[in-house]
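In what follows, every chain begins at residue 1, and chains take the letters A, B, ... in the order their sequences are listed.
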Amino acid sequence: MKIHIPNSAFLGNIDPFLKSFDPTDTHHLTITANKKWISVHPVVLSMIASLGIRLKPSQIKCEKLTATSKHYLERMGIFKFLGVRSGITINEHEPAGRFIPLTQIKTSKELTDFIDEMTPLLHLKPKHAEPLRYIMSELVRNVLEHSLSRYGAIVSAQYHSKNNTIRVGIADTGVGVWQSMNKSHSPKNDLEAIRLALIPGITGTTKREGGTEFNAGAGLFFIKSIATVNRDFFMLYSGKAMFKLLKRKSASIKLNADPFKDRHSSQKTLPSWEGTIVGIDISLDTTQEFSLLLDLISQTYREAIKERKRARYKKPRFI
Amino acid sequence: MINIKLSKQVGTFAENKDIARRIRLEKILPALKKKQKVVLDFEGIDSTTQSFIHALISDLIRKYGTDVLSKISFKSCNPTIQKIITIVIDYMQESEY
């Protein structure tokens, strides 16, 4: 596998980075980076860490970084994760900023502890902490329950003061969305599987409307809705497909049950990622009150179920 | 009547679905079987997730129908928690559960 850390890769411009990832030769990982400057979304680091954690340090080749911003990678803990020496020294008196370094979460208890510790690290007000811990809980629980990955979820986050945004990245190397959805549905490709996963009330655990006792198929829809309302980016990449919710332009807020009706971009021929990656930005300037968001979600959810019921409704045939 | 104080087990953010399921199986269901009314007490909890509430109550509606809602009360819920509970109960009733 080969991965090149570019000078810039955030959710808005991440496509070239994803296209450049080489997933062949899963027994070796070669990491190269832009020589002058590295400024990347935490999701990039979560991806690299989740690839590296499956390998021994001897199987990882990381070129010596020369970019002036290389300290960011050290701070986020990427080299510790990979078990390779960076040669970068951090002056402990430097301000560390507000970030959550790469963290591996493998159990439900680890997730609960992580959420408790996360909010103080980012110095968030309750209004901002609420959607963030909601997102972390739902996304990481998805990994723990559905990915079947022995390595769990690799998460990281960073606060960017320039645009007052928290960026979150979660990666796993599990079975991926297509395989999860294919247990109960028949998505024809990775992108169709992602679409199904984002529609409220559809879960890979059952064909039944309303889900099972443990899964409703609503978690990703809630998260996409948080991003829609707050005009944030949201990206889901699995297999060869990627769905990216683009920032809402219109002033009026409309949540769609079908993600393809949202303002979005998608790819379906990317290098195959064996697992699932989610990146999300949470802009603190535009964060709406969580309870207002729930009103919108409630309305959309109800309409979606009614619409699917209507689609299944059969009329008598009189001949 | 049985009063189940959730914060003792889930802290201020009720998100652990495993605990939700355990509470349902070990406390709510046995009480309902004994024809007791159940109060789910959210005092001390400031937020929750849809997944937690789903794991806590959806199977009760599936097993007993919506009549079970006349035997369960939700106490000390702030507006956010109330809305999440309402969403779960709404979609369970709209679905064919």
**Q.** Test side-chain contact (heavy atoms from CB on, under 4.5 Å) applied to A/R141 and B/N16, step by step
**A.** CA-CA 9 Å; A/R141 286 204 181 276; B/N16 191 325; 3.5 Å; yes
Q: Sort B/D90 into side chain, backbone, both or neither according to what part of it lies under 4.5 angstrom from a heavy atom of chain A.
A: side chain
Q | Contacting region of B/D46 [heavy-atom separation from chain A under 4.5 Å] | A | both
Q: Can you tell which part of A/L293 gets under 4.5 Å to a heavy atom of chain B, answering side chain, backbone, both or neither?
A: neither
Q: May I ask you to decide whether B/R62 forms a salt bridge with A/E213, counting only side-chain N to carboxylate O separations under 4.0 Å?
A: no
(Q) If we define contacts as heavy-atom pairs under 4.5 Å, which of A/P200, A/S298, A/A216, A/G211 has the most with chain B? (A) A/A216
**Q.** Among the listed options A/E145, A/Q299, A/K306, A/R302, the residue most often paired with chain B at heavy-atom distances under 4.5 Å
**A.** A/R302
Q | Gap separating the NZ atom of B/K17 from the CG atom of A/L111, nearest 0.5 angstrom | A | 11.0 Å
Q. B/T48 versus chain A, heavy atoms under 4.5 Å apart: side chain, backbone, both or neither?
A. backbone
**Q.** Side chain / backbone / both / neither for A/Y301 at chain B, heavy atoms under 4.5 Å
**A.** side chain
Q | Closest approach of B/K83 to A/L292 (non-hydrogen atoms, all atoms of both residues) | A | NZ-N, 4.4 Å
Q) Within a strict 4.5 Å, meaning less than it, do heavy atoms of the B/D18 and A/K109 side chains meet? A) no
(Q) Quick check on A/I305 against chain B: is it the side chain, the backbone, both or neither that has a heavy atom closer than 4.5 Å? (A) side chain
(Q) Can you confirm whether B/K5 is buried at NZ, in the sense that more than 12 heavy atoms of other residues, nucleotides or ligands lie under 6.0 Å from that atom? (A) yes
Q | For the student: nearest non-hydrogen atoms of B/I87 and A/I297, plus distance | A | CD1-CG2, 4.2 Å
Q | Under 4.5 Å from a heavy atom of chain B, the part of A/N215 involved | A | both
Q.
Ignoring hydrogens, what is the shortest heavy-atom contact between B/Q50 and A/Y134? Give both atom names and the distance.
A. N-OH, 3.0 Å
Q) Quick one: does A/S137's side chain get under 4.5 Å of B/F52's, heavy atoms only? A) no
